[in-house]
Amino acid sequence: MTTADSVRAGPCLSLQGVAKHFAPRRSLLEIAHFRSPERLDVFAGVDLQVEAGAIVCLMGPNGSGKTTLLRLAAGVLLPDAGKVRVLGRNPAASAPARCSIGFLSSSERSFYWRLTAGRNLRFWGSLQGLHGSRLERAVEEAAALAECREVLDRRFENVSTGMRQRVGLARAVLHDPDVLLLDEPTRSMDAKAAESFYTVIRRLAEGGAAVLMSTHSPSEAARLGRRTVRIEDGTLLEVEPGRIGAVELTIDFEGVAEAPPPAGMSLFPGKLLCPADRLAAALGWLEDAGLRILGVSNSEGADDRA
Amino acid sequence: MTGPRTALAVAGKEMRLALSYRLSFAMGVVGSFLGAAMFYFLARLVDPGASSPLARYGGDYFSFVIIGIAFQSYLGLSMDTMASSLRREQLLGTLESVAATGTPLPVFAAGGAMWQFVFASYRVVVYLLFGWLFFGLSLSSANLPAALLVLVLSVAAFAGVGVVSGSFILVFKQGDPVRWLYGGAATLLGGVYFPVQMLPDWLRPLSVVFPITHALEAMRKTVLLGAGVGEVSVRLLVLAGFAAVSIPAGALAFGWALRRIRLDGTLGSH
């Protein structure tokens, strides 16, 4: 771990009363008509603490604010109210605090595609204060840990999507951070790759890192998260461990839904994702909307055709 | 002292990215030759009569304009490099990840500027080399130490303006009024292509508000006429004054812009 033990007395990551809203810029048309675009409230004042060695999974439908929460924790986004602290320091204002964070962004574009994966890792390591033989050793170790050594000499643009995720993980861990922030880290991985990824994350947590990761997969949260938190309507709700696996169900339907789905549910073409304990409400909403229900499946693939 | 090493690492990354586009790099060299050739033939149209405003610079238009263009590339760079470096990272999608590291954005931008200055120096040398080899440019009377001092003070004066310009780019992404004013208007009024004495009487006083006017005047006198520091001291003082005002203003503007985009969540937007 990179930071002095004196600042490790409290939680590694702490959010206290954090509020965040986005106010989109007005277009010329809106200015001309004296209109303001609708303000988007993401969090009204949330609290979260992640201790050393903990793995906290962050769940919630698309647009609920998972990435926003991770960006707030990383210090690239400022809260409108409340405090974000990493090892007792504000990451937006403290370079040492940011040096103790490993951030795996969900965007593949956060790398230099014309450089090799190895050059990328060396460059990002130097931005975290690693140089010379320390940097070389860190790149080797991180690449071995993330199982991406074979692509180090390959241009990033020629690396497969799943392997890019591994390089992203190597970047996140190469400076031995105290806090790991992972935004949907396994989204492009096959089951085998995801499994070895879980092993790496568990090993890092056992080494003392505090891990906060977002995921859409209840099974992933159930297997990995010692704690799972669900974002719903701008608040954070703790999910009981025994209920994580059944958190989300997928209802396949036929037809086009025009109305927005009930709160806490996510609508995709032909699919509605809903918490298991709200299945009846979801089915009722689909029937009211005149949509034909084809079947319900859970995250483990168990299927219940209508 | 990891700041300088980190800045060097950023400069190295910029170099590797630039050299990965080999055709663009080669075309830049050819472009320098074509630019020098164009001004050589243009200069043959200009009559260097004794009463010409060019007489005070030695009377040779080609030497006058080649110094103007070569030096403008440095000054343009001082002003533009921070904005362009941050803009490029925004477009690549890497700026937010940079901001999440322990490297402060000004250090990152300074590293990008280091490579840009090395690259600009190379282009200036190529420009002057072509001028000397093929078009009769003479630098035999140049006072190089004095010219170097002019260059350093000019870069400092422009760098502060450049940081203000970079702040605009961070917030507004495109459409930077500082760049427009100091890039466009200063080229017209600052004497890059023609002496400011040729401007109409009512417009000429406006040229003194641009640092490039003082920088070019001092640079031409030291390079073309061999003037010493004492002979251009007033110009040097003006440039130092610009630097003293623009650098703190740039630091304030950058701090404000960074806070604003971190609040808006538009750090990585373009």
Side-chain angles (χ1 to χ4, degrees), chain A residues 2 20-25 40 42 67-68 70-80 91-105 107-116 119-120 122-132 134-135 155 157 168 171-172 175 177 181, chain B residues 1-22 24 88-112 115 170-173 175 255-270:
Chain A
T2 54
K20 187 70 206 165
H21 72 265
F22 293 111
R25 296 231 173 103
L40 179 65
V42 186
T67 299
T68 298
L70 291 168
R71 290 169 75 209
L72 284 162
V76 296
L77 191 61
L78 286 176
D80 296 308
S94 161
R98 289 197 302 277
C99 273
S100 49
I101 297 173
F103 184 37
L104 173 52
S105 161
S107 169
E108 291 175 358
R109 287 183 63 233
S110 64
F111 280 91
Y112 298 96
W113 284 43
R114 291 184 72 87
L115 300 183
T116 64
R119 280 271 175 226
N120 263 290
R122 283 185 201 98
F123 174 67
W124 290 103
S126 66
L127 292 190
Q128 297 287 19
L130 299 172
H131 300 284
R134 254 184 84 207
L135 174 62
R155 265 193 185 187
E157 63 190 353
R171 174 174 69 177
H175 54 298
L181 304 171
Chain B
M1 289 293 287
T2 57
R5 296 184 77 176
T6 303
L8 270 176
V10 178
K13 180 266 295 179
E14 290 288 330
M15 185 191 74
R16 285 189 191 91
L17 282 177
L19 294 179
S20 77
Y21 296 97
R22 285 186 289 264
S24 163
R88 196 169 48 250
E89 299 296 326
Q90 275 179 333
L91 290 171
L92 284 172
T94 46
L95 188 62
E96 190 162 289
S97 294
V98 171
T101 68
T103 297
L105 282 183
V107 173
F108 181 83
W115 159 247
L170 276 179
V171 175
F172 297 106
K173 319 303 177 193
W256 171 83
L258 209 53
R259 181 172 166 73
R260 166 85 190 263
I261 57 171
R262 278 188 155 137
L263 267 173
D264 289 351
T266 59
L267 187 60
S269 309
H270 49 90

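Side chains are part of it too, since the values below use all heavy atoms of this structure and drop only hydrogens, waters and symmetry mates. Numbered from 1 within each chain, the chains take letters A, B, ... in sequence-line order.
Nearest heavy atoms, A:R171 versus B:S97: NH2-OG, 3.8 Å.
Proximity to chain B (any heavy atom under 4.5 Å) is shown, for A:R122, by neither the backbone nor the side chain. Within the 4.5 angstrom heavy-atom criterion, only backbone atoms of A:P79 (N, CA, C, O) approach chain B.
In this structure, B:L95 CG and A:S110 OG are separated by 11.5 Å, a value rounded to the nearest 0.5 Å. For the atom pair CZ (B:R262) and CG (A:L72), the distance works out to 11.5 Å, reported to the nearest 0.5 Å. Taking CG from B:L263 and CG from A:L77, the interatomic distance works out to 8.0 Å, rounded to the nearest 0.5 Å. Atom CG in B:L91 sits 7.5 Å away from atom CZ in A:R109 (nearest 0.5 Å). Here the CZ atom belonging to B:R16 is positioned 10.0 Å from the CZ atom belonging to A:F123, to the nearest 0.5 angstrom.
Listed for the A:R98 side chain is a donor-acceptor partner under 3.5 Å among the backbone atoms of B:T101. A donor-acceptor contact shorter than 3.5 Å links the side chain of A:R71 to the backbone of B:G265.
Between B:K13 and A:S126 there is no side-chain heavy-atom pair separated by less than 4.5 Å.
With respect to chain B, the highest number of heavy-atom pairs below 4.5 Å among A:W124, A:F111, A:F103 belongs to A:W124. Taking B:A99, B:G12, B:G111 one by one and counting their heavy-atom pairs under 4.5 Å with chain A, the maximum is reached by B:A99.
Not counting sequence neighbours, the partners of B:R88 by the side-chain hydrogen bond (donor to acceptor under 3.5 Å, both in side chains) test are B:E14. A:T67 pairs by the side-chain hydrogen bond (donor to acceptor under 3.5 Å, both in side chains) definition with A:D183, not counting sequence neighbours.
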